[in-house]
Amino acid sequence: MSPDSKFAASPINIRDKDYDFSLDLSYISIVEKEPFCGTENESAMKHMNELSTLSNLFSDDIKIRTYFVTKIFPFSLKGAAKIWYDNLSPGSIDSPIGLVNAFFQKYFPASAQHAALQKIFDFVQVEGDKLPESWARFCSLIRALPKHPLAKKELLDIFYNALTVESRTYLDSSAGCVFRKRTPAEAE
């Protein structure tokens with residue numbers, strides 16, 4: 001017997017036999033320990049990445065992992081975020097991407113995406129930072145905006161231009177030529 005979408009209490013209504021699995025309660029208790037509450041100092045992207053990382057423990061199958069994130073998602077919310085979720089129309093989410101889009105529309109709007117993109121453009125190597133530390137910090141800015149419009153070559157140019165003279169000289173000598181003349185694959 002399949003659920004009738006007219007009587008669905010949950011916003012999530014995925015009609016796929018692969019979505020019909022049970023979760024171990026230990027997963028629920030894990031996500032309830034650090035819930036997303038919808039406050040300004042929280043990152044919607046970080047929250048979804050953490051759920052995705054947890055899904056890697058559940059299955060090797062990409063489809064099942066996205067379904068896992070969709071199933072566990074309601075348990076990962078508290079406060080204003082839980083109220084937002086509970087107020088979505090019953091049955092309005094019919095796919096994992098639909099859930100992600102609705103969540104990001106609410107908690108990672110265009111203004112926040114623009115601010116994250118601006119942080120990439122404004123990146124500078126902090127005096128005293130070693131090159132690997134700067135690269136890790138730059139990569140974290142990129143991960144905070146996975147659908148950025150920048151090509152790898154542009155990102156590498158932004159990173160290179162933001163480095164201290166000492167770090168640029170080191171990269172050039174390591175590359176055996178001017179670092180920026182390398183292809184993106186070689187540069188990485």
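- Open room surrounds CD on Gln105; 12 or fewer heavy atoms of other groups in view lie less than 6.0 Å from it.
- Using a 30° and 60° split on the angle between ring planes, Phe103 and Tyr107 fall in the tilted class, from 30° to 60°.
- Note on Ile64 and Phe75: same hydrophobic cluster, where clusters join Ile, Leu, Val, Met, Phe, Trp and Tyr whose side-chain heavy atoms are under 4.5 Å apart, directly or indirectly.
- For Asp61 against Ser59, the heavy-atom pair with the smallest separation is N-OG, 3.0 Å.
- Expressed to the nearest 0.5 Å, how far CZ of Arg137 lies from NZ of Lys119 amounts to 11.5 Å.
- Other residues, nucleotides and ligands contribute over 12 non-hydrogen atoms within 6.0 Å of the NZ atom of Lys78.
- Each of Tyr170, Phe159, Tyr160 was checked for a ring pair (Phe, Tyr, Trp, His ring centres under 6.0 Å) with Trp135, and the lone residue meeting it is Phe159.
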Stepwise side-chain contact (heavy atoms from CB on, under 4.5 Å) check, Thr164 with Glu127: CA-CA 7 Å; Thr164 62; Glu127 202 61 47; 3.9 Å; yes
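- Heavy atoms of other residues, nucleotides or ligands lying less than 6.0 angstrom from CD of Glu34 number 12 at most.
- Lys82 NZ: more than 12 foreign heavy atoms inside a 6.0 Å radius.
- Ile12 and Ile28 fall within a single hydrophobic cluster, where Ile, Leu, Val, Met, Phe, Trp and Tyr side chains are chained together by heavy-atom contacts under 4.5 Å.
- Annotation: the span from Leu99 atom CG to Asn101 atom CG amounts to 9.0 Å, rounded to 0.5 Å.
- Inter-residue side-chain proximity for Cys139 and Arg143 is flagged as met; some heavy-atom pair is nearer than 4.5 Å.
- Heavy-atom minimum distance, Lys63 versus Thr66: O-OG1, 2.7 Å.
- Separation of atoms OG (Ser167) and NZ (Lys130) is listed at 11.0 Å; rounding is to 0.5 Å.
- Annotation for Leu51 and Val69: closest pair O-CG2, 3.7 Å, computed over non-hydrogen atoms.
- Linking Ile, Leu, Val, Met, Phe, Trp and Tyr whenever their side-chain heavy atoms come within less than 4.5 Å puts Phe21 and Phe73 in one cluster.
- Checked against Tyr67 for a side chain to side chain donor-acceptor pair (under 3.5 Å), the options Asp18, Asp20, Asp16 give a single hit: Asp16.
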Please lay out, stage by stage, how Leu23 and Phe68 fare under the test side-chain contact (heavy atoms from CB on, under 4.5 Å). CA-CA 8 Å; Leu23 287 177; Phe68 172 87; 3.4 Å; yes
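- Between Ile14 and Thr70, the shortest heavy-atom distance links the atoms CD1-CG2, 3.8 Å.
- In this structure, the separation between CG on Leu57 and CZ on Arg65 is 10.0 Å, given to the nearest 0.5 Å.
- In terms of hydrophobic clustering, with Ile, Leu, Val, Met, Phe, Trp and Tyr side chains grouped at heavy-atom distances under 4.5 Å, Leu25 and Leu77 are assigned to a common cluster.
- When side chains are defined from C-beta on, Leu131 counts as touching Leu163, because their heavy atoms get closer than 4.5 Å.
- Scanning all heavy atoms of the two residues, the minimum distance from Glu42 to Pro35 falls at OE2-O, 3.5 Å.
- Of all non-hydrogen atoms in Ile142 and Ile120, the two that sit nearest each other are CA-CD1, 4.1 Å.
- Rounding to the nearest 0.5 angstrom, the gap separating the CZ atom in Arg15 from the CG atom in Asp94 is 10.0 Å.
- One distance of note links OH of Tyr85 with CD1 of Ile93; it measures 7.5 Å at 0.5 Å rounding.
- Within a 6.0 Å sphere centred on NZ of Lys46, heavy atoms belonging to other residues, nucleotides or ligands number 12 at most.
- Note on Ile158 and Val124: separate hydrophobic clusters, where clusters join Ile, Leu, Val, Met, Phe, Trp and Tyr whose side-chain heavy atoms are under 4.5 Å apart, directly or indirectly.
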Could you go through Tyr27 and Phe58, starting from their C-alpha distance and side-chain angles, then the distance that decides it, and tell me whether this counts as ring-ring contact (aromatic ring centres under 6.0 Å, His included)? CA-CA 9 Å; Tyr27 289 115; Phe58 185 74; 5.8 Å; yes
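- The aromatic rings of His47 and Phe36 sit tilted, their planes meeting at an angle between 30° and 60°.
- Side-chain N or O atoms of Ser52 include none that pairs as donor or acceptor with a backbone N or O of Asn49 at under 3.5 Å.
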